[in-house]
*Asks:* 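Pasting in a structure now, in structure tokens, and then I'll have a few things to ask.
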Amino acid sequence: MTRPRVLSGIQPTGPGAHLGNYLGAVRNWAVMQDENDCFFFIANLHSLTVTPDPAFLRERTRGALAELLAMGLDPARSTVFAQSHVHEHPELAWVLGCLTGFGEASRMTQFKDKGGGSVGFFFYPVLQAADILMYQADAVPVGEDQRQHLELTRDLAQRFNSRYGETFTVPAAYAQRPAARIKDLQEPSRKMSKSIGGNGTIWVLDEPTVLVKKVKSAVTDTGREVRAADDKPGVTNLLTILSTATGKEVTELEKTYDGKGYGDFKADVADALVEMFAPVRERYAELVADPSYLDTVLAEGAAKARAVAVTTMSTVRERIGLLAPQ
Ligand code: TRP
């Protein structure tokens with residue numbers, strides 16, 4: 001039986017992976033590796049939309065890989081690679097871009113919300129569609145903010161297929177348990193994000209002392225009950241974090257802290273995070289100390305990815321009428 005193909009990507013820009021990336025995404029990707037044929041890649045071409053400093057981008061590409069491996073991605077079971085190592089991505093993006101309406105691309109909220117930017121930024125969702133369709137992915141685990149891009153990908157796959165004949169698998173969103181939505185510790189109405197940073201963002205590689213400090217200074221709500229409620233977004237977020245980190249239900253945790261104050265509760269949240277990230281930090285340190293190993297992982301991943309991409313692209317070129325070089 002062939003295993004379903006699952007694909008996802010992560011941008012290497014920003015200081016690194018945060019708690020929301022881990023609990024909401026990468027930790028689940030690690031689990032998916034058992035039952036799926038997984039492709040995970042570092043979307044360094046997408047990162048060019050923010051024109052990062054070249055040395056920083058290079059360093060962060062290896063750093064992002066080390067983080068992904070430290071968080072549990074396994075290159076022996078999954079195909080882990082850098083997007084730019086497979087030159088077919090931008091080629092397929094061009095082909096799909098020619099099937100994308102200008103208005104259709106303009107409606108992408110991520111683009112609209114930024115209020116303009118480069119042509120590359122406008123084209124971003126089309127490149128993402130190419131990433132996904134290239135590998136004939138069955139399912140794509142993505143967060144809420146990427147749903148619209150996945151919808152566009154499905155539309156483009158169907159459009160291509162009906163115009164040129166069945167070529168692409170139409171990908172579905174990976175059905176996962178409602179992924180944990182981790183909020184900023186300082187502004188619990190907002191998603192934890194790389195761009196906000198500051199004390200509200202917990203980085204996967206934060207030193208234990210920093211972790212403890214951030215959790216201690218997390219915004220809590222009026223009252224002193226540890227209870228999840230709409231009018232207690234700060235406490236609710238910490239409960240979500242503790243629940244996802246420990247696997248205990250929120251209702252069970254509420255009972256545990258019944259009659260106790262925020263202090264005990266926060267101390268336990270901090271402990272849970274320190275414990276959860278200790279092995280990740282340790283593994284990360286080993287990996288970044290060995291750049292040649294990381295380069296080998298990328299080379300092997302690229303070879304596996306390329307094998308699929310080359311096949312897809314030769315079909316695509318043939319279908320759309322690009323004369324093969326003789
Ligand atoms: N746009 C995604 C993000 O910022 C990253 C990404 C690029 C991606 N290509 C992809 C995710 C393909 C899933 C599939 O999170």
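In each ligand, atom 1 is the first atom listed, and ligand 1 is the first ligand listed. What you see below is based on every heavy atom in this structure, not just the backbone, and it leaves out hydrogens, waters and symmetry mates.
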*Asks:* Taking Leu273 as the starting point, is it possible to reach Val210 by hopping between hydrophobic residues whose side chains are less than 4.5 Å apart?
*Replies:* no
*Asks:* Provide, to 0.1 Å, the distance between atom 5 (C) of ligand 1 and the closest protein heavy atom, together with that atom's residue and name.
*Replies:* Gly9 O, 3.6 Å
*Asks:* Tell me, do Val86 and Met134 make a side-chain contact under 4.5 Å, heavy atoms counted?
*Replies:* no
*Asks:* Can you tell me which portion of Asp145 lies within the under-4.0 Å heavy-atom range of ligand 1? Options are side chain, backbone, both, or neither.
*Replies:* neither
*Asks:* Would you say that more than 12 heavy atoms from the other residues, nucleotides or ligands in this model lie under 6.0 Å from the NZ of Lys304, or not?
*Replies:* yes
*Asks:* Name all pairs fulfilling the side-chain hydrogen bond (donor to acceptor under 3.5 Å, both in side chains) condition that reach into residues 260-284, sequence neighbours left out, sorted by first residue then second.
*Replies:* Lys232-Tyr262, Tyr257-Asp268, Arg283-Glu286
*Asks:* Tell me whether Asp131 has any N or O atom under 3.5 angstrom from an N or O of ligand 1.
*Replies:* yes
*Asks:* Which atoms of ligand 1 are found less than 4.0 Å from any heavy atom of His46?
*Replies:* 7 (C), 9 (N)
*Asks:* Which protein heavy atom lies closest to atom 8 (C) of ligand 1, and at what distance to 0.1 Å?
*Replies:* Gln128 NE2, 3.6 Å
*Asks:* Quick test of your reading: applying ring pair (Phe, Tyr, Trp, His ring centres under 6.0 Å), list the pairs with at least one residue in residues 47-83, sequence neighbours left out, ordered by first then second residue.
*Replies:* Phe41-Phe81, Phe81-Tyr135
*Asks:* Which residue holds the protein heavy atom closest to atom 2 (C) of ligand 1, what is that atom called, and what is the gap in Å?
*Replies:* Gln146 OE1, 3.5 Å
*Asks:* Taking the inter-plane angle between the rings of Tyr124 and Phe121 on a 0 to 90° scale, is it parallel (under 30°), tilted (30 to 60°) or perpendicular (over 60°)?
*Replies:* perpendicular
*Asks:* How does Leu127 reach ligand 1, if at all, at less than 4.0 Å between non-hydrogen atoms: by side chain, backbone, both, or neither?
*Replies:* neither
*Asks:* Any idea which of Phe41, Tyr174, Tyr124 brings a heavy atom closest to atom 4 (O) of ligand 1?
*Replies:* Tyr124
*Asks:* Is the backbone N or O of Gly198 less than 3.5 Å from a side-chain atom of Gln186, with the two atoms forming a donor-acceptor pair by type?
*Replies:* no
*Asks:* Atoms of ligand 1 less than 4.0 Å from Gln11 heavy atoms?
*Replies:* 4 (O)
*Asks:* Please indicate whether any nitrogen or oxygen in His149 is less than 3.5 Å from any nitrogen or oxygen in ligand 1.
*Replies:* no
